[in-house]
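One structure is given here, and the rest of the page talks about it.
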Amino acid sequence: MSPEHAPGTCIQEPRTTEGTASPLGADGWTAPGGTASPGDFTLEPGEMNAETTRRVTRLASVLPTSGGVQKLLAGANRTIQPWCSRDPFGTAPDPDVKYCLHTDDSISRECVPQGITGVSDAKNDELWGDAGNIQLFASYDSWDPGRENDPLPTASDCTEAELEADDACNQKGVRITFVQSRTNPATGSPEVKYRHVLLGWTYVNSADHVSFDGLHAAEYPIQKGVHAGGIVWYGNYLYVADTRNGLRVFDMRHILDLDPDGDPRTHDAIGTDTDGVRTTSDVEDKTKVGRHDNVWYSFGYRYVMPQVAAWKFKATQGRRAATPPPAASPRTWSRPWKAAPPTSPRRAGPTTCRWRSAALRAWPRTRARCT
């Protein structure tokens, strides 16, 4: 059941007061600003953190866990191709190293890569257990063909015909991609493997069942979804920027597995909620998310990482006027990252990230965006 059918149970954190929009053109950049107020950068725990903990604990009692980041990566199902020929940019300088994602990921119009972090941020020794060379990047779903633009959640669902034509009609929210450079134990050859994980938030539906949805939902009018332009992995936690609200927090120990036997066709038996009803999972259907008629869905992703807490801004956050920013020179990313100019997320064509070889060896704490 979708969260709009469960009044009062599907509120998310953070829910920060949003200021009124600036007058038209008033926020155009003209010169460096004055000293910022420290209050603008003060965060406080979300009011719903305790409730979120209860929901996540309840969800984890129903759905099995991934067994940890190392196990998730050991079963990474996609391969990054070095020195590939898929390059939508053409005019960018030749990089030291170029990697392309799996074929369908590199040509997809649906998911746009954003923030980058890695185990070098998480641990001083740059190892997660005995696993190293782990990187994470976020992507958000920016292309929903056939979907209505009405801000009312009840008016923005895809029709059956639209879903049948293209599952991309669903707004799937944000996913985190776990990447590892390693040696294949069978062949001894180097490889780069990766696995997508859907980010979610928990709620209790009108049948009193715990469930989850993608991060996009129930956020209008504060913002129409989270695009995860900034992320950082620190200790057990992944922090995701929520532009006008604060930070959303996720836990590496709470990555849930909807396909524990690794065979999508079997529709595994899953645990029971407080109603005692046995549930199953379906990771083949890419059109649904959460619990529906005692079946768990996740837009086709095997793994789901629910939000466990939030930090929200204490100060009222201003809104920018609905005017486009002035034209800017081509984007430059700080070293050692090097990325080609982005294509529009609404246009067809591949997305390619270029990284310098030094970054691939160490993936240090410098982060950038590749959109």
Side-chain angles (χ1 to χ4, degrees), residues 3 8-22 27 33 35-57 59 112-117 121-122 136-142 151 153 171-176 197-203 212-255 304-322 365 367-369 371:
T9 67
C10 58
I11 297 174
Q12 295 190 67
E13 282 280 26
R15 295 177 64 81
T16 295
T17 303
E18 184 179 18
T20 57
S22 304
D27 59 351
T35 303
S37 168
D40 291 341
F41 302 95
T42 302
L43 299 172
E44 62 184 1
E47 295 98 333
M48 290 189 62
N49 281 355
E51 174 62 22
T52 297
T53 297
R54 286 190 288 270
R55 294 177 186 175
V56 171
T57 301
L59 184 66
V112 180
Q114 289 288 298
I116 300 174
T117 185
D121 294 331
L136 278 62
F137 69 89
S139 304
Y140 74 97
D141 181 356
S142 70
Q171 291 181 353
K172 299 179 178 68
V174 175
R175 72 187 185 194
I176 298 295
V197 175
L198 180 70
L199 295 187
W201 61 277
T202 54
Y203 67 95
F212 64 87
D213 198 355
L215 291 189
H216 62 276
E219 294 179 323
Y220 193 92
I222 292 180
Q223 62 180 27
K224 298 180 182 178
V226 178
H227 73 270
I231 63 173
V232 65
W233 179 10
Y234 187 76
N236 287 314
Y237 298 103
L238 177 70
Y239 297 88
V240 178
D242 187 345
T243 308
R244 286 189 292 270
N245 291 305
L247 294 172
R248 295 172 183 257
V249 187
F250 301 82
D251 193 329
M252 297 295 172
R253 297 164 296 185
H254 286 288
I255 303 176
V304 176
M305 196 175 187
Q307 178 179 328
V308 299
W311 289 89
K312 70 174 188 177
F313 295 121
K314 293 188 70 172
T316 297
Q317 299 300 299
R319 287 167 50 205
R320 302 182 70 81
R365 292 172 175 77
R367 282 172 297 283
R369 299 195 314 168
T371 52

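The basis for the numbers below is simple: all heavy atoms, side chains too, and nothing from hydrogens, waters or symmetry mates. Note that the numbering runs from 1 along the sequence shown for the chain. Computed from a predicted model, the values in this text were never measured in an experiment.
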| Side chain of T117, backbone of W233: donor and acceptor closer than 3.5 Å? | yes
| message | Quick check for you: to the nearest 0.5 Å, what is the distance between R175 atom CZ and L215 atom CG? | response | 13.5 Å
| request: State, with a plain yes or no, whether a side-chain heavy atom of M48 is found less than 4.5 Å away from one of K312. | output: no
| task | Find out whether M252 and L238 are in side-chain contact, i.e. whether some heavy atom of one side chain is under 4.5 Å from a heavy atom of the other. | result | yes
| request: For side-chain contact (heavy atoms from CB on, under 4.5 Å), just list the numbers for H227 and V112, CA-CA rounded to whole Å, side-chain angles, deciding distance to a tenth of an Å, and then say yes or no. | output: CA-CA 9 Å; H227 73 270; V112 180; over 6 Å; no
| remark: Which of V226, V249, L247 passes side-chain contact (heavy atoms from CB on, under 4.5 Å) with V240? It is V226
| said: Which heavy atom of I176 sits nearest to which heavy atom of A138, and what is that distance? | reply: CD1-CB, 3.6 Å
| note | One should read off an interatomic distance between W201 CH2 and F212 CZ, to the nearest 0.5 angstrom, of 12.0 Å
| query | Nearest 0.5 Å, what's the OG1-NZ distance between T42 and K314? | reply | 6.5 Å
| In chain order, what residues pass the side-chain contact (heavy atoms from CB on, under 4.5 Å) check against D251, with sequence neighbours excluded? | N236, Y237, R253, H254, V308
| field | Straight-line distance of L199 CG to D213 CG, nearest 0.5 Å | value | 12.0 Å
| Contact summary for N49 and A310, nearest pair of heavy atoms | OD1-N, 3.0 Å
| said: Measuring from atom CD of E44 to atom CH2 of W311, what distance do you get when rounded to the nearest 0.5 angstrom? | reply: 9.0 Å
| Distance-minimising heavy-atom pair for D141 and K172 | OD2-N, 2.8 Å
| said: When you compare the side chain of P306 with that of F250, does any pair of heavy atoms fall below 4.5 Å? | reply: no
| Value rounded to 0.5 Å, distance of CG in N245 from CZ in F313 | 7.5 Å
| query | Of V197, L198, V304, which is the lone residue that meets side-chain contact (heavy atoms from CB on, under 4.5 Å) with I255? | reply | V197
